[in-house]
Number of protein chains: 2
Amino acid sequence: MKSAIPETGVPITQPAAGNGSDRQEISLHGEVLLRLRDYVVEGNIPEGARVPERQLCEMLGISRTPLREALKVLAAEGLIELLPNRGARVRQLSQRDLAELFDVMAGLESLAGRLACEAITDEEIAAIERLHYEMYGHYLHRDMHGYFQTNQQIHESIVAAARNETLTTTYANFAGRIRRVRYSANFARKRQRWAEAMREHEAILDALRRRAGSELSDILFAHLRNKRSAAIEHLAEGPDSAQEAPPQGS
Amino acid sequence: MKSAIPETGVPITQPAAGNGSDRQEISLHGEVLLRLRDYVVEGNIPEGARVPERQLCEMLGISRTPLREALKVLAAEGLIELLPNRGARVRQLSQRDLAELFDVMAGLESLAGRLACEAITDEEIAAIERLHYEMYGHYLHRDMHGYFQTNQQIHESIVAAARNETLTTTYANFAGRIRRVRYSANFARKRQRWAEAMREHEAILDALRRRAGSELSDILFAHLRNKRSAAIEHLAEGPDSAQEAPPQGS
DNA sequence: AATACAAAAAATGAATGCAAAATAGCCAGC
DNA sequence: GCTGGCTATTTTGCATTCATTTTTTGTATT
């Protein structure tokens, strides 16, 4: 195969001009950045694959200048790697990188929980409770996908309740970095871990109701730590999806 | 005054070529990025000031292309703002932004403490103890500057002991964003707060010795929260250093 | 046949050029 | 005297171009 990235060939439309989205980004560069980030996060480029600029330019229908600007930003965000004179590669996360990322995520959520306890309203808690019961339903029905989504919504709600834009942005950034892995990090076959996670979520909700910041912080950290273990073990055993790039060299 | 940025006119020297530094960045872009970041963090450009690209180009002795790439990255890092078609400005941190940043820093240090307890060696603790006593000396001698520096070293040591590169990088990023403010956020005249901070540091050291992760996490968060309050009150009252840009416009 | 070397092709890094937008400067009008 | 609109200059955004560096391809030699 010649091309590392699949054909999608949807060039960037007219930048702003009354599209329904709330994006205030109107510059071409901003548009490219959003598009490219999504493109990478969604896993359209194999890990570690070299991505010729020209090809991306053609795909997006732009010249190299704004593309290169976007690449530098993505590199700063940690999504891709920029080897000098050797182009951009999708960053390959080692197991250690992953462990680190999970821990930072754990720290951020832990912080979010602590802050949320200071500011969360009864209505917000009620909303999270609803999500919790919805998730419980998914759990009972063994609906992994629904469970996963609702679970994510709960965590995002907690982060939102922290009322800290900076935290929200940072959290989203890190979430993007491990999103690909996260999807495969479920514990479909490990029922025991699943039940455990549900219990942890009960504890989270309980601490949140009591606005017990420090306690919630501990619980969230532990919860994410367990998630981390599950994810890493899962990867170590090798996920069934054989999409991984084979170890090249020798 | 015509020029918003002071004259320093030190163009970028030959990029790599056996300079003593350990930097592996060799590309012009990387060099520019480091230079510009330092330049902004050190406060050489007044907050909110418009910075014409041309001027920066001349200052660094480069063309606009690598400069603009660096600007995009700095904008992504949150150091500057890029208004569409209106150039780059040094980001002006509102009081709320600052509060948010301090809280995120608190969360990161809190995480660092927790992780450090899992991995820190006796030697590292001993080193931190030495720093602690050194800091105590500065406190007794009312040496604000020395105190501040040693204090920072302690916090950095804890972050380092967490053995998480990602965390270290993220921490450094946020530290850079509030560095300017941080310097003026000391409590030179508030002896009471100073004494309080010393007591908190004792508690930090104690929890670290016992490897009490959760406890240390709480203490660090509270400690940084207090620092935040001190800093924000300080700014609200108006820092004596008149280095701030006067409110321009009318 | 395999390896080493060399030249060609392609890709990257940076500079320059050009069009559009914004700022400022200026003059007319109230 | 001040405000509003029009033009000129500056500045930004992006495309194009040029110079290196890397990668590939072909050839010759062992």
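Every heavy atom of this structure was used, including side-chain atoms; hydrogens, water molecules and symmetry mates were not. So you know, we letter chains A, B, ... as the sequences are listed, proteins then strands, and number each from 1. These numbers were taken from a predicted model, which means no experiment stands behind them.
Residue contacts shown for Arg68(B) include a base, since a base heavy atom lies under 4.0 Å away.
Nearest to the side chain of Thr65(A), among dT11(D), dA15(D), dT12(C), sits dA15(D). Of the candidates dT23(C), dA11(C), dG13(D), dG13(D) carries the atom nearest the Glu53(B) side chain, counting heavy atoms from C-beta on. Nearest to the side-chain atoms of Pro52(B) among the listed nucleotides dT12(D), dC14(D), dA15(C) stands dT12(D). If you check dA21(C), dA15(D), dT12(C) against the side chain of Asn85(B), the one that comes closest is dA21(C). Of the candidate nucleotides dG13(D), dA15(D), dA14(C), dA14(C) has the atom lying nearest to any side-chain atom of Pro66(B).
Put simply, the residue from Glu156(B), Glu109(B), His155(B) that forms a side-chain hydrogen bond (donor to acceptor under 3.5 Å, both in side chains) with Tyr171(B) is Glu109(B).
Side-chain atoms of Gln149(B) do not come within 3.5 Å of backbone N or O of Gly146(B) as any donor-acceptor pair.
Of the residues near DNA chain D, Arg64(A) and Gly87(B), the one whose nearest nucleotide (by heavy atom distance) lies more toward the 5' end is Gly87(B).
Put simply, CD1 on Ile45(B) and CD1 on Ile80(B) are 8.0 Å apart, with the number rounded to the nearest 0.5 Å.
Rounding to whole angstrom units, CZ of residue Arg86(B) and C1' of dA20(C) are separated by 15 Å.
A cation-pi arrangement is not found for Arg225(B) relative to Phe102(B), the charged atom failing to lie both closer than 6.0 Å to the ring centre and inside a 45° cone about the ring normal.
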